[in-house]
Amino acid sequence: MKKLNDAQRRAVEYCDGPLLILAGAGSGKTRVLTHKTMYLIRNCGINPGEILAVTFTNKAANEMKERIRKLLGISTWGLWISTFHSACIRILRAHADSIGYSKSFTVYDDSDQKAFVKKCMVDLEINLEQLKPKSVQQMINRGKNNLLSPEAMLERAYTQYDKSAAKVYGYYQSAMVQNNTMDFGDILSNAVALLESNPDILKKYQQMFRYILVDEYQDTNIAQYSLLKMLAKEHKKICVVGDDDQSIYRFRGANILNILNFERDYKNVEVIKLEENYRSTKNILKAAHGVISLNTSRKAKELFTQKEEGDKIKCFNAQSDVHEAKYVIAEILKFCDAGIPFKDIAIFFRTNAQSRVFEEEFFKAGVPYILIGGLKFYARAEIKDIIAYLKIISGVNDIISIKRIINRPRRGIGKMTFEKVEKYMTANGCDFFSAVPDLIDTGAVKKNICRKLADFTALITGLKEYASTNNIGDLIKHLYKETGYQEMLADDPLGENKDRINNVDEFIAGAYQFVEESPETDLSTFLDFISLVSDIDKYDESSDRVTLITLHSAKGLEFPVVFMTGMEEGVFPHIRSFDSKEDIAEERRLCYVGITRAKQHLIITHASSRHTYNMPSLQKPSRFLKDIPSHLLERINGGGLSKRGSFSGDLFPGRRTFHDFHEDPHGEKYQQDIIENHFYDEDSSNEYIIGAKYAHPVFGIGILKSVEGSPGNEKLTIYFPRAGRKKILATFAKLRRC
DNA sequence: AAGAATAACGTTTTT
DNA sequence: CGTTATTCTT
């Protein structure tokens with residue numbers, strides 16, 4: 001308690017009724033949350049099992065558990081610290097039957113959902129050209145976020161387009177129940193529906209949760225809002241923590257009014273503001289305030305800090321996207337020279353697509369990095385295939401998963417056969433595994449195909465049996481082999497499957513770890529876990545790498561050094577936000593979130609030209625740059641624009657042309673030889689000899705000029721005839737002596 | 001049914 | 001551009 005400031009202490013100690021904590025960025029809200037939980041247990045006589053704490057990411061939940069465990073010195077057993085989604089799944093699993101689901105329901109992710117929407121539209125014979133599955137999917141999600149039933153959506157629909165979309169929604173919804181699957185939206189809306197239609201169950205949870213804590217309240221949607229309102233009705237002891245300035249999830253249904261109207265929604269609300277920032281320098285905070293203060297309809301506040309002024313904010317105008325990346329790397333190497341570890345440095349961007357250029361340049365420069373998000377681990381084809389097998393084994397015969405793996409690896413069951421089974425299923429209202437024997441009996445399919453289908457069902461039956469007596473790690477290993485999947489990947493003369501094989505191995509290793517940590521868990525629990533885990537949850541800050549991350553994923557994190565890149569009109573703020581005032585306001589908040597992640601150094605970059613879809617386009621600096629008081633900025637012109645405002649020299653210096661890749665007189669073949677003959681050879685010595693030749697996967701062969709740094713962490717300067725002088729980190733770049 | 005060739009689509013952001 | 005979906009050919 002002594003470590004807390006006055007406001008923080010009041011926030012911890014007020015436990016009598018509804019409490020709104022307006023916690024600015026870096027104001028120590030996680031500290032308040034953990035201390036408050038401890039206070040409830042120690043001083044208010046509340047048992048751990050009577051507290052519900054909700055966060056938005058598993059990472060935040062785990063961190064909170066960990067901190068409580070350390071502070072309190074007790075196990076967090078019984079505490080409900082989880083995300084909205086995990087908490088809802090837990091409730092739903094316990095009472096699935098009362099809303100027409102079986103306990104073994106599975107969760108559809110975004111792409112499963114899209115496939116299922118499409119299937120529904122095909123069933124309804126809707127022209128997929130006129131009504132796009134993707135927009136129907138969005139409309140369904142919008143409905144669920146706002147707790148609108150298909151009927152309610154139909155009522156609100158004015159255009160024919162909306163009307164038919166609402167019709168699909170209705171059909172989709174009943175098909176999902178029949179299929180025993182839920183999408184992300186269902187997890188919340190079905191939990192609400194469950195509690196609404198079962199007063200006894202609701203009562204049980206109302207009494208159970210004597211205190212409710214909610215983190216990131218500004219990002220809750222209507223469904224989450226209603227859920228909280230219902231659960232808190234009994235004791236009215238709810239504490240929400242949030243910052244209206246950091247609301248950045250409008251696109252997935254978050255309603256900023258939830259936090260702005262909290263005082264109206266609950267009676268006798270205590271409001272506590274945390275405005276002292278413990279994270280950033282004065283200059284960084286002033287810059288952030290410059291940007292956010294231009295938003296209307298926000299709760300007025302300004303953060304302050306006792307920290308020093310700090311450096312000015314660097315603002316670099318690059319010529320191109322590639323130039324931008326090169327500049328960032330050069331600056332990173334300077335920080336590195338100054339003794340700042342890579343893990344203290346992060347690069348933020350608005351869209352995932354922007355990461356590619358950075359990845360390329362980081363690889364070339366030999367700087368270690370980790371990319372968060374992008375192509376997510378669990379979204380990879382091979383991982384999704386294995387998960388599909390697991391879902392089927394777990395007993396839900398959901399059609400999307402079956403379709404996914406019925407012919408992977410090849411079993412001679414093609415599109416035609418699958419369609420036959422599907423038709424039979426819809427005609428008779430049965431599931432896949434009861435349709436198959438019927439179909440065989442009626443002789444609707446040819447004999448050899450019958451055999452193949454029977455073999456497939458036998459395979460699944462065998463796996464189910466295996467699953468009943470073995471742990472999840474063994475099960476995955478077993479099915480990997482039994483299904484022939486392993487063999488399929490191993491048959492790979494070109495070595496193209498290497499990554500996939502590694503991914504599966506990693507997945508198996510992860511499963512074993514899961515088993516070790518919680519040996520009791522069944523298959524559904526495991527599947528719930530992986531369907532709700534994101535990359536950020538697995539993010540491990542222990543390894544020394546630069547973090548590449550989207551602004552959205554960066555929320556909740558902090559770094560001593562932050563690069564905010566692509567600060568250009570159209571990129572950030574994104575072009576799709578231009579025609580709505582609310583969307584621009586949200587982009588502004590996102591910018592605020594980005595700036596306030598920085599502790600010591602903030603570097604902003606923008607490029608004068610950028611490639612999108614491989615087409616170069618001219619870029620103007622972001623409007624947000626103008627909103628930062630200019631005396632806080634140190635502008636650096638990287639030669640993007642000449643004095644007259646037109647380009648000098650190469651119009652698009654970052655453009656990668658055929659010429660760039662092939663200017664080497666020896667041609668591509670020569671480059672390939674270098675890689676084959678030198679790059680993959682084993683090297684046992686780790687001494688570096690000045691004057692010796694080394695092969696680099698990208699730059700080819702060069703001569704070592706100098707070595708800096710300690711053994712095991714050498715920084716090499718190498719002269720490459722083809723690429724020029726480069727500074728390379730020995731531990732990261734795969735160099736070969738030759 | 002499998003594999004190859006061709007077309008189409010996409011870039012906000014994610015639990 | 002790169003990935004995925006669809007169509008064509010065998």
Side-chain angles (χ1 to χ4, degrees), chain A residues 54-61 82-89 107-111 113-115 118 128-129 132-134 138 141 144-145 182-188 215-216 219-221 223-224 247-254 348-357 360 372-376 378-381 406-419 446 448-449 452 528 531-537 549-556 566 570-578 580 583-584 586-587 589-591 593-594 610-617 655-656:
Chain A
V54 224
T55 61
F56 264 77
T57 64
N58 290 299
K59 186 170 189 278
S82 63
T83 63
F84 268 105
H85 291 262
S86 331
C88 286
I89 283 201
V107 177
Y108 271 178
D109 71 10
D110 208 51
S111 71
Q113 187 194 20
K114 194 179 163 199
K118 202 170 165 186
L128 296 175
E129 306 281 298
K132 296 231 174 72
K134 204 182 167 181
Q138 279 173 352
N141 289 338
K144 290 181 183 179
N145 287 334
M182 294 191 196
D183 58 40
F184 280 119
D186 284 329
I187 292 171
L188 300 173
D215 193 10
E216 309 278 19
D219 286 328
T220 50
N221 61 29
Q224 290 160 330
S247 171
I248 56 171
Y249 284 109
R250 206 170 89 93
F251 71 92
R252 70 172 193 216
F348 294 172
F349 33 79
R350 175 67 241 264
T351 66
N352 283 304
Q354 284 166 256
S355 70
R356 175 175 278 145
V357 183
E360 279 171 19
I372 311 282
L375 12 114
K376 289 174 193 67
Y378 293 110
R380 289 177 168 128
I406 192 163
N407 206 28
R408 197 137 64 197
R410 305 245 122 95
R411 309 189 164 88
I413 304 171
K415 214 173 139 192
M416 295 305 258
T417 310
F418 187 77
E419 271 170 15
K446 283 191 200 121
N448 63 326
I449 302 213
K452 286 169 182 169
D528 288 347
S531 64
L532 297 179
V533 167
S534 66
D535 284 10
I536 188 78
D537 298 332
I549 194 168
T550 62
L551 285 151
H552 281 88
S553 304
K555 191 168 79 153
V571 175
F572 191 27
H574 195 271
I575 192 161
R576 294 270 279 263
S577 68
F578 279 4
S580 137
D583 285 343
I584 287 288
E586 179 142 316
E587 296 283 304
R589 292 192 290 270
L590 188 57
C591 183
V593 167
R610 180 174 296 278
H611 297 263
T612 42
Y613 293 104
N614 210 34
M615 288 290 288
S617 61
R655 180 180 45 189
R656 285 145 290 171

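Reminder, nothing fancy here: chain letters follow the sequence lines and each chain counts from 1.
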Choosing from [options], which nucleotide comes nearest the side chain of [X]?
| X | options | answer |
| --- | --- | --- |
| A/His552 | B/dT14, B/dT15, C/dG2 | B/dT14 |
| A/Ala353 | B/dT13, B/dT15, B/dT11 | B/dT11 |
| A/Thr550 | B/dA2, B/dT14, B/dT15 | B/dT14 |
| A/Arg410 | B/dG3, B/dT13, C/dG2 | B/dG3 |
| A/Asn407 | C/dG2, B/dT14, B/dA2 | B/dA2 |
| A/His85 | B/dT15, B/dG3, B/dT14 | B/dT15 |
| A/Thr417 | B/dT14, B/dA1, B/dT11 | B/dA1 |

Rounded distance (Å) that lies between atom [atom2] of [N] and atom [atom1] of [X]:
| X | N | atom1 | atom2 | value |
| --- | --- | --- | --- | --- |
| A/Phe251 | B/dT11 | CZ | C1' | 13 Å |
| A/Lys376 | B/dT15 | NZ | C1' | 10 Å |
| A/Lys132 | B/dC9 | NZ | P | 7 Å |
| A/Arg250 | B/dT13 | CZ | C1' | 13 Å |
| A/His574 | B/dT11 | NE2 | C1' | 6 Å |
| A/Phe56 | B/dT15 | CZ | C1' | 8 Å |
| A/Asp528 | B/dT15 | CG | P | 16 Å |
| A/Lys144 | B/dT15 | NZ | C1' | 14 Å |

Keeping A/Ser580 on the side-chain end and A/Ser577 on the backbone end, is there a donor-acceptor pair under 3.5 Å?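 Absent.
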
Quick check against the 3.5 Å criterion: does A/Gln354 have a side-chain atom that pairs as donor or acceptor with the backbone of A/Thr351?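 Confirmed, A/Gln354 side chain pairs with A/Thr351 backbone.
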
So how far is it from A/Leu532 CG to A/Ile187 CD1, rounded to the nearest 0.5 Å?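 Reported to 0.5 Å precision, the distance equals 5.0 Å.
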
Check whether the aromatic ring of A/Phe84 stacks on the base of B/dT15, taking stacking as ring centres less than 5.5 Å apart and planes within 30° of each other.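 Not stacked: fails the 5.5 Å / 30° test.
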
For nucleotides 6-10 of chain C, which of its nitrogen or oxygen atoms have a protein nitrogen or oxygen under 3.5 Å away, and what is each distance?
unit_1 : atom_1 : unit_2   : atom_2 : d
C/dT6  : OP1    : A/Lys118 : NZ     : 3.1

Between A/Gln224 and A/Asn145, do the side chains contain a donor N or O and an acceptor N or O under 3.5 Å apart?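 Looking only at side-chain atoms, A/Gln224 and A/Asn145 do not form any donor-acceptor pair under 3.5 Å.
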
Looking at every strand, decide which applies to A/Tyr249 at a 4.0 Å heavy-atom threshold: base, sugar-phosphate, or nothing.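 Here A/Tyr249 touches the backbone only, sparing every base.
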
More 5' along DNA chain B: A/Val533 or A/Met416, using each one's nearest nucleotide?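 Per heavy-atom nearest nucleotide, the more 5' residue is A/Met416.
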
Please tell me which of A/Phe418 and A/Ser577 maps to the more 5' nucleotide of DNA chain B, matching each residue to the nucleotide holding its nearest heavy atom.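 Upstream on the strand: A/Phe418.
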
A/Asn352 side chain near B/dT13 phosphate (N/O to OP1/OP2, under 4.0 Å):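 The answer is yes; a side-chain N or O of A/Asn352 sits under 4.0 Å from OP1 or OP2.
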
Please state whether the phosphate of B/dT11, meaning OP1 or OP2, lies under 4.0 angstrom from any side-chain nitrogen or oxygen of A/Lys134.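 Yes, within the criterion.
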
Could A/Arg252 and A/Asp219 be called an ion pair, given the rule that one side-chain N must be under 4.0 Å from one carboxylate O?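 No, no charged N to carboxylate O under 4.0 Å.
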
Provide the distance between the two P atoms, one in C/dT4 and one in B/dT13, to the nearest whole Å.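 These two P atoms come out 16 Å apart once rounded.
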
Would you measure the distance from the C1' atom in B/dT11 across to the matching atom in C/dT6 and give it in whole Å?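 That atom pair is separated by 23 Å.
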
Strictly under 6.0 Å, is that where the ring centroids of A/His552 and A/Phe251 end up?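 Ring centres of A/Phe251 and A/His552 closer than 6.0 Å.
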
Derivation of the side-chain contact (heavy atoms from CB on, under 4.5 Å) call for A/Asn58 and A/Ser86: CA-CA 9 Å; A/Asn58 290 299; A/Ser86 331; 3.8 Å; yes

Counting only heavy atoms not in A/Lys452, do more than 12 sit closer than 6.0 Å to its NZ atom?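 Check passes, neighbour count above 12.
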
